[in-house]
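Comments concern the structure below.
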Amino acid sequence: LAICLLGMLDNWFGVQAKWPNIQLLNLRNVKEVNAVLESIASFQDALSVARAYGVAANTSTWQRPLFHQAVENGNNAYLHEFMNTLPAPDSLFFSLANRLKRSTRSANSISSFRKVLEATGDLSLRAKLAATVGFYPDVLMQCQASLGTIQVDEHDWGVE
C-alpha cells in the first residue's frame, strides 16, 4: 500500500511539474476540477488529476475537456487516448455534437469533429451525429450507403 501511494504521489507531482501554471492541488469543487481538466492538453495527465479527485469514471466529467481539446483544439492524440482508455457512451458523443451545434463554429472545429465522427466506429451512431450537427452530408451519405437508408429522427437518439 505504501509503495502504491508513493507511486501515486510521484505521478501527481510529475503532472504538477508538467503544468506549473495550473493549480492542481486543493481544488474545492467539481466545477474547479472540470475547469482544470479542460486546460490540460495531455489526456493521461488529465486522467491522473480526475482520478485523484474521484471523478474519472463520470462520463459528464469528460464532456468539456474532450470538446475543448479534441474539437476546439484539434488534439487528436487526446481523443484517441480517451477512446482507448475510457468507455464512451453514445450520450457523450451527442453531448459533443450538441455543444458544436450551439458553439461558434470554426473551420478547425468542424474539421476536428469529423475526427470524432470517425472515432465512433459505429456507422449508425456516426450518421445520427452527422445529422445532428447538420454539416457533414458526405459522412451521412457514406453511412447510409453502408447501412442502407436510416431514419433521421433526432427524437430517437436522446439528443439534448
Side-chain angles (χ1 to χ4, degrees), residues 1 3-130 132-133 135-136 139 142-143 157-160:
L1 180 63
I3 292 172
C4 182
L5 283 174
L6 286 174
M8 287 174 53
L9 283 174
D10 185 45
N11 185 42
W12 181 256
F13 290 120
V15 171
Q16 182 65 74
K18 280 186 188 176
W19 307 99
N21 297 330
I22 301 173
Q23 177 189 340
L24 299 178
L25 298 174
N26 300 320
L27 300 176
R28 295 179 300 246
N29 55 50
V30 174
K31 187 176 181 178
E32 287 183 0
V33 174
N34 286 344
V36 165
L37 294 177
E38 191 173 339
S39 63
I40 299 175
S42 161
F43 173 73
Q44 291 303 324
D45 291 346
L47 182 61
S48 293
V49 173
R51 284 182 174 152
Y53 283 99
V55 298
N58 187 346
T59 301
S60 65
T61 295
W62 299 104
Q63 291 173 1
R64 285 180 49 198
L66 194 57
F67 184 80
H68 180 69
Q69 292 299 329
V71 178
E72 292 178 327
N73 292 347
N75 187 341
N76 292 328
Y78 192 101
L79 173 65
H80 291 291
E81 284 290 323
F82 176 87
M83 296 295 292
N84 290 327
T85 306
L86 294 175
D90 293 359
S91 61
L92 177 63
F93 291 110
F94 282 111
S95 172
L96 297 176
N98 285 314
R99 189 177 291 264
L100 178 63
K101 193 173 177 180
R102 292 188 310 263
S103 72
T104 304
R105 295 174 289 278
S106 67
N108 183 54
S109 65
I110 291 170
S111 174
S112 295
F113 192 77
R114 182 178 293 276
K115 298 290 186 191
V116 172
L117 292 174
E118 292 168 4
T120 63
D122 177 340
L123 291 178
S124 179
L125 174 61
R126 190 179 302 171
K128 291 172 185 176
L129 292 168
T132 297
V133 294
F135 40 78
Y136 298 101
V139 172
Q142 288 171 348
C143 293
W157 311 337
V159 176
E160 296 174 355

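Heavy-atom basis, side chains included; hydrogens, waters and symmetry copies ignored. All of these numbers come straight from a predicted model, not from anything done at the bench.
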Who are the side-chain contact (heavy atoms from CB on, under 4.5 Å) partners of [X], not counting sequence neighbours?
X    : answer
S111 : none
S112 : N108
L125 : D90, F93, F94, T120, D122, L129

Those residues at least two apart in sequence (or on a different chain) that pass ring pair (Phe, Tyr, Trp, His ring centres under 6.0 Å) with Y78 are F43
Heavy atoms of A130 and Y136 approach each other most closely as CB-CB, 3.9 Å
Residues P65 and N34: closest non-hydrogen pair is CG-O, 4.4 Å
Which atom pairs, one a donor and one an acceptor, fall under 3.5 Å between side chains of residues 79-88 and the rest of the protein, sequence neighbours left out?
from	atom 1	to	atom 2	distance (Å)
E81	OE1	Q44	NE2	2.7
N84	ND2	H80	O	3.1
T85	OG1	E81	O	2.6

Residues at least two apart in sequence or cross-chain that pass salt bridge (Lys or Arg N to Asp or Glu O under 4.0 Å) with R51, listed by chain then number, are none
Applying salt bridge (Lys or Arg N to Asp or Glu O under 4.0 Å) to E118 and not counting sequence neighbours gives none
Residues pairing under salt bridge (charged side-chain N to carboxylate O under 4.0 Å, His left out) where one sits in residues 29-41, two or more places apart or in two chains, turn out to be R28-E32, E38-R64
Salt bridge (charged side-chain N to carboxylate O under 4.0 Å, His left out) pairs touching residues 65-74, sequence neighbours excluded, are none
Please name all residues satisfying side chain to side chain donor-acceptor pair (under 3.5 Å) with [X], sequence neighbours left out, ordered by chain then number.
X    : answer
N76  : none
S103 : none
N75  : Q69

request  = Indicate yes or no: at least one non-hydrogen side-chain atom of L100 is less than 4.5 angstrom from one of F67.
outcome  = yes
Worksheet item: Within the distance-only criterion (no hydrogens, no angle test), does the side chain of K101 pair as donor or acceptor with the backbone N or O of T132 below 3.5 angstrom?
Response: yes
Q.
Whether the side chain of S95 engages the backbone of S91 through a donor-acceptor N/O pair (distance < 3.5 Å, no angle test) should be reported.
A. no
The reported gap from OH in Y53 to CG in L27 (rounded to nearest 0.5 angstrom) is 3.5 Å
To the nearest 0.5 Å, atom CG of L37 lies from atom CG of L66 at 11.5 Å
